[in-house]
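Quick notes on the structure that follows.
Throughout, a chain's letter reflects where its sequence line sits, starting with A, and its residues are numbered from 1. These values consider heavy atoms only, across backbone and side chains, with no hydrogens, waters or symmetry-generated copies. Nothing here was measured: the structure is a model prediction, and the numbers come from that model.
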There are 2 protein chains.
Amino acid sequence: MSTIETDLLNIKQAAQFLNVSEISIRRWTDSGKLSCLRIGGRRERRFKQQDLTNFLEVQSRSELDVRGVKGVADDKVTKIFLEGIAIDYGNHLCSLYETDIGRVKLSVPFLADGLRAGDKCFLVATKATQKVILDALSETYPATSSDIANSRLILSDGMTTSDGFYDYLEHHFLQSSRQGDQYMRVLGDMAWAIDMGMSTDDLMSFEMRYNHSLAKKFAVVSLCQYDSRKFTGTEIVKALKTHEDTFQFPLSRFVGF
Amino acid sequence: MSTIETDLLNIKQAAQFLNVSEISIRRWTDSGKLSCLRIGGRRERRFKQQDLTNFLEVQSRSELDVRGVKGVADDKVTKIFLEGIAIDYGNHLCSLYETDIGRVKLSVPFLADGLRAGDKCFLVATKATQKVILDALSETYPATSSDIANSRLILSDGMTTSDGFYDYLEHHFLQSSRQGDQYMRVLGDMAWAIDMGMSTDDLMSFEMRYNHSLAKKFAVVSLCQYDSRKFTGTEIVKALKTHEDTFQFPLSRFVGF
DNA sequence: AACACATGATTAACAAAGATAAGTATTGAT
DNA sequence: ATCAATACTTATCTTTGTTAATCATGTGTT
């Protein structure tokens, strides 16, 4: 654990990395196209390698470029927007809800926007929850059922262990990447794990494993939603702790629907 | 599930991690902007990775906000420092802990710093919890018992309803203000309410009432800590929602000790 | 070819970060 | 026990990243 992750580049290094001028880097960060961190009283820019690689477009990206049609092709490639908040690919977030309406409040726009943007989407939930979310999704996004048929939206099926879940996602992520689907979204309704008989310890160790590998290696936004009615206080706290990415956003947007 | 914070970085590693010079690290720690631990007779600096990542600001914040905070950073009259974070008087925060050690992790420095700074401090908790906190407090702040005798530190006593709690605080706040104690701190260990037989609904309505009146009208920093083992998931979520001030800070500092 | 627009270059002023040096004291190793 | 390396503090001085403005160059599109 001694390797210091020196993956924070300053603006000069970032400019070299992308082979552009520092001025462009400044403009891109100012306009929000490229995300960066700030440090110190001079508010110097620091860049995560992944944010820079995310910023690079992939030449071989999908045949039908949904983004291109809308003319926003170059603008929002590195981010998604959820509830007006810009979220980079690579983030692994959680949200907490406490009503049946809350279950679809974030999940539906998250998936609908993803499908519209051409992202490969995954819905991990029990059959019953899948039905609730898909019904609501169909209302705002009529192409839902055809997207399921086309495997643009993939429904979880049959996984009963956290390791199985991990393998499932890794397999699909690799496969999607090979097929040119670089941008992905995962929505997990984590009460699913409980209903599958997983212990919450199991679930948390999955979250940690996922957090350090899959979530960061692929251009995927992962949103894990927790039904606060089905977890204890300590479990909710653990859920928050295993989704540290969430803390950089206004948490009130993700808590308590 | 331990993920021990075994990796304390020295100043060289910290500088490498943030991609800055050691001199800047020294300046930031000296001014209290970046928190660090000290060790040995040479008082060497040691850094938690968590603290370092917290020091990085997210670009999304409007530059005006950041400027404002920085600009008055020297003006310590309007702020306190907890875990290296500047907190304005008027804030009403919550923290979540899940171990007996976590109970004193934030509360003790919060009160110790307050007493050292001459703030009028209030400790609201059951007798048993009071004893635990006061024992730990006495170790780092020897004048604890004399401050209790002098009414610099006031211990809750005998309140059994949320309205009674509110009246109690209002009375003391007014009295303290009249006596020239403008700056105050309240530490509430909210499992106290449960042990007093309050319902969590009662507790939450108190929090909301407090949030909109006392907490904002007086120069008081209020820290409500919740033992996540004694509350349900939904209750924890409600606790978060009734302490929105918390969301403007790096939540990882307040969650899960 | 003409156009619109993104990128690069240049300037300015300011404050913060970096570099350097001197002097102490603690560590860690021989 | 000794000694060199390290980290600390304090101080001064130089360099750099920041914003903002304007202009020139280059790119891709129609």
Checklist line | Value in whole Å for how far the P atom of C:dA25 lies from CD of B:E44 | finding: 16 Å
Check: Between atom CZ in A:R26 and atom P in D:dA21, what is the gap in whole Å?
Finding: 15 Å
Check: So, does the side chain of A:R42 form a donor-acceptor pair with the base of D:dT16 at under 3.5 Å?
Finding: yes
Check: Are the aromatic ring centres of B:Y89 and B:Y183 under 6.0 angstrom apart?
Finding: yes
Next item on the list: Mind checking the OG-CG spacing from B:S107 to B:L137? Nearest 0.5 Å is all I need.
Entry: 8.5 Å
Next item on the list: Starting from the 5' end of DNA chain D, give me the residue, A:R38 or B:N10, whose nearest nucleotide shows up first.
Entry: B:N10
Checklist line | Side-chain N or O of B:W28 closer than 4.0 Å to phosphate OP1/OP2 of C:dA17 | finding: yes
Checklist line | Test: B:R185 cationic atom under 6.0 Å from B:F110 six-membered ring centre, within 45° of axis | finding: yes
Margin query: Mind checking if A:R27 touches a base, just sugar-phosphate, or nothing, with heavy atoms under 4.0 Å?
Written below: base
Note to self: Using a heavy-atom cut-off of 4.0 Å across all strands, would you classify B:R46 as base, sugar-phosphate, or nothing?
What the structure shows: nothing
Notebook entry, point to check: For the pair made of CD in B:E57 and C1' in C:dA16, what is the distance, rounded to whole Å?
Noted result: 14 Å
Next item on the list: Report yes if a side-chain nitrogen or oxygen of B:R43 is closer than 4.0 Å to either non-bridging phosphate oxygen (OP1 or OP2) of D:dA7; otherwise report no.
Entry: no
Next item on the list: Would you mind reading off the distance between A:I39 atom CD1 and D:dG17 atom C1', rounded to a whole angstrom?
Entry: 13 Å
Note to self: If you only use heavy atoms from C-beta on, which nucleotide in C:dT10, D:dC8, D:dG17 is closest to the side chain of B:I11?
What the structure shows: D:dC8
Next item on the list: Compare the minimum distances between each of D:dT19, C:dT20, C:dA9 and the side chain of A:I23, then state the nucleotide with the smallest one.
Entry: C:dA9
Notebook entry, point to check: When the aromatic ring centroids of B:F122 and B:F173 are compared, is their separation below 6.0 Å?
Noted result: yes
Check: Starting at CD of A:E22 and ending at P of C:dG8, how long is that distance when rounded to a whole Å?
Finding: 11 Å
Notebook entry, point to check: In whole angstroms, how far is the C1' atom of C:dA9 from the CD1 atom of A:I25?
Noted result: 16 Å
Next item on the list: Answer yes when A:D30 and A:R45 have at least one side-chain N-carboxylate O distance shorter than 4.0 Å, and no when they do not.
Entry: yes
Check: Given atom CD of A:Q13 and atom P of D:dT16, what is their separation to the nearest angstrom?
Finding: 14 Å
Check: Rounded to the Å, how far apart are B:F55 CZ and C:dA16 C1'?
Finding: 12 Å
